[in-house]
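The block underneath contains the structure these notes are about, expressed in C-alpha cells.
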Amino acid sequence: MKILITGGAGFIGSHVVRRFVNSYPNYTIYNLDSLTYAGNLENIRDIENAKNYHFVKGDITDDLFVENLFKEFNFDAVIHLAAESHVDRSISDPLLFIKTNVLGTANLLNNARRLWINGSLVRPGTRFYHVSTDEVYGSLGAEGYFTETTPYDPRSPYSASKASSDHLVRAYHHTFNLPVLISNCSNNYGSFQFPEKLHTTYY
Ligand SMILES: NC(=O)c1ccc[n+]([C@@H]2O[C@H](COP(=O)([O-])OP(=O)(O)OC[C@H]3O[C@@H](n4cnc5c(N)ncnc54)[C@H](O)[C@@H]3O)[C@@H](O)[C@H]2O)c1
C-alpha cells in the first residue's frame, strides 16, 4: 500500500508520518510538504532513513506537479493534513489560506478521483482522509459541544477555508463516489508544535 501524507513536516503531520512509518513497515509512506515556516524536517529526523519512507518537497496547489506525483507513485490512500493552520495569520493574509486550504485540497481530490474512479467503478481499498477542524462549527461559549450534525458556521478566514475544503471533500464523495473520511478535531498541543500556537499574536 502506498500512502501519500501531506503536511508531514508540520506539527500533527510529523506524528502521523512517524506512526505510519514505524507501525506499518509494509506500507510505503510519501510525505509531501512544501516546507513553509510551519514545516520543519527536524520534526521527523528520526525516521528520515527508514526504508518505507520518502520525502517529497512540493506544493499541493501546483496542479501539474501533483498530477505527475499521482501518476508516478499511484497512491492507494491520501492523508491530507497540509494547510495554513494559524487563525491569526488568516486575518492578515486570507487569500493564502484560501489558496492552500481550498485550492490545494481541490487539487488533491481531483487527482485522487482521476486515479481511483473509472466511470462508476472505485478502485478497492482506496481512501481520502481529510483532516479538518472543529472550528468549522463556529465558536463555543464556556459550555456546550459540537457534533457531526452541528450546522457549519465558520467565523474566521481559516475556519471558512477549512469548511470550504470539507464541502469539497463531501461533494467529491457524492458526485464521483470518491471514498472519503473527514475528522474535525479540536485544538491539539504537544511536541513539535510551532510555538505561535501557544500564544496569541496580533498582526
Ligand atoms: N493544530 C491543531 O490544533 C489542529 C486542530 C484541528 C485541525 N487541525 C488541522 O490539522 C492539520 C495539521 O495541522 P498542524 O497544526 O499540524 O499544522 P502545521 O501548520 O503545524 O503544519 C502544516 C504543514 O503543512 C505544510 N504546508 C502548508 N502549505 C502547504 C502547501 N501549499 N503544500 C504542501 N505543504 C504545505 C507546512 O509546511 C507544514 O509542514 C491542518 O489541516 C489543520 O487545519 C489542526
Side-chain angles (χ1 to χ4, degrees), residues 4-20 29-45 47-48 54-70 75 78-90 93-111 128-140 146 148 152 154-169 180-201:
L4 174 68
I5 300 181
T6 70
F11 164 43
I12 301 176
S14 60
H15 289 283
V16 175
V17 164
R18 177 177 300 98
R19 170 62 70 92
F20 272 79
I29 307 303
Y30 297 84
N31 174 11
L32 169 61
D33 199 299
S34 62
L35 299 180
T36 67
Y37 79 95
N40 187 348
L41 290 178
E42 285 303 319
N43 293 349
I44 35 173
R45 191 61 77 201
I47 49 107
E48 71 180 0
H54 302 278
F55 176 71
V56 184
K57 185 170 188 300
D59 189 332
I60 57 168
T61 68
D62 182 339
D63 36 1
L64 192 58
F65 172 80
V66 173
E67 185 181 337
N68 287 332
L69 198 70
F70 273 72
F75 304 118
V78 176
I79 304 178
H80 176 36
L81 298 109
E84 287 296 335
S85 67
H86 190 47
V87 175
D88 293 2
R89 286 179 188 263
S90 82
D93 190 359
L95 290 188
L96 175 63
F97 281 66
I98 291 162
K99 185 177 179 210
T100 300
N101 300 355
V102 184
L103 287 179
T105 303
N107 198 20
L108 292 165
L109 286 167
N110 225 24
N111 281 288
F128 190 104
Y129 171 26
H130 177 59
V131 178
S132 189
T133 170
D134 67 340
E135 291 182 49
V136 298
Y137 301 119
S139 303
L140 279 180
F146 301 126
E148 287 88 347
Y152 274 43
R155 302 286 177 93
S156 70
Y158 164 65
S159 53
S161 70
K162 293 296 289 189
S164 305
S165 63
D166 289 10
H167 289 316
L168 283 167
V169 174
V180 303
L181 193 66
I182 302 177
S183 61
N184 296 90
C185 63
S186 57
N187 283 348
N188 291 235
Y189 67 94
S191 51
F192 307 121
Q193 186 161 29
F194 197 76
E196 69 183 355
K197 298 267 175 56
L198 290 175
H199 57 82
T200 304
T201 312

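Indexing begins at 1, ligand by ligand and atom by atom, following the structure's order. Numbers here are sequence positions counted from 1.
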Do the rings of H54 and Y30 sit parallel, tilted or perpendicular, given the 30° and 60° boundaries? parallel

Test side chain to side chain donor-acceptor pair (under 3.5 Å) applied to S165 and H130, step by step: CA-CA 9 Å; S165 63; H130 177 59; 3.1 Å; yes

Classify the contact between T36 and ligand 1 as side chain, backbone, both or neither, using a heavy-atom distance cut-off of under 4.0 Å. both

Using a plain distance cutoff, I'd like to know if S34 has any nitrogen or oxygen under 3.5 Å from a nitrogen or oxygen of ligand 1. yes

Decide whether an N or O pair under 3.5 Å exists between F11 and ligand 1. yes

Under 4.0 Å from ligand 1, counting heavy atoms only, is it the side chain of L35, its backbone, both or neither? backbone

I'd like to check which ligand 1 atoms, numbered from 1 as shown, lie under 4.0 Å from a non-hydrogen atom of G39. 37 (O), 38 (C), 39 (O)

D166 and N184 side chains, donor-acceptor separation under 3.5 Å: yes

Below 4.0 Å from ligand 1: does a non-hydrogen atom of Y158 turn up there or not? yes

Can you confirm, on distance only, whether ligand 1 has an N/O atom lying under 3.5 Å from any N/O atom belonging to N40? no

Is the F194-H86 ring centre distance short of 6.0 angstrom? no

Does an N or O from K162, backbone or side chain, lie closer than 3.5 Å to an N or O of ligand 1? yes

For ligand 1, is C185 a contact, meaning one of its heavy atoms is under 4.0 Å away? yes

Any idea how F192 and H15 line up, ring-wise: parallel (<30°), tilted (30 to 60°), or perpendicular (>60°)? tilted

What do you reckon, does G58 put a non-hydrogen atom under 4.0 Å from ligand 1? yes

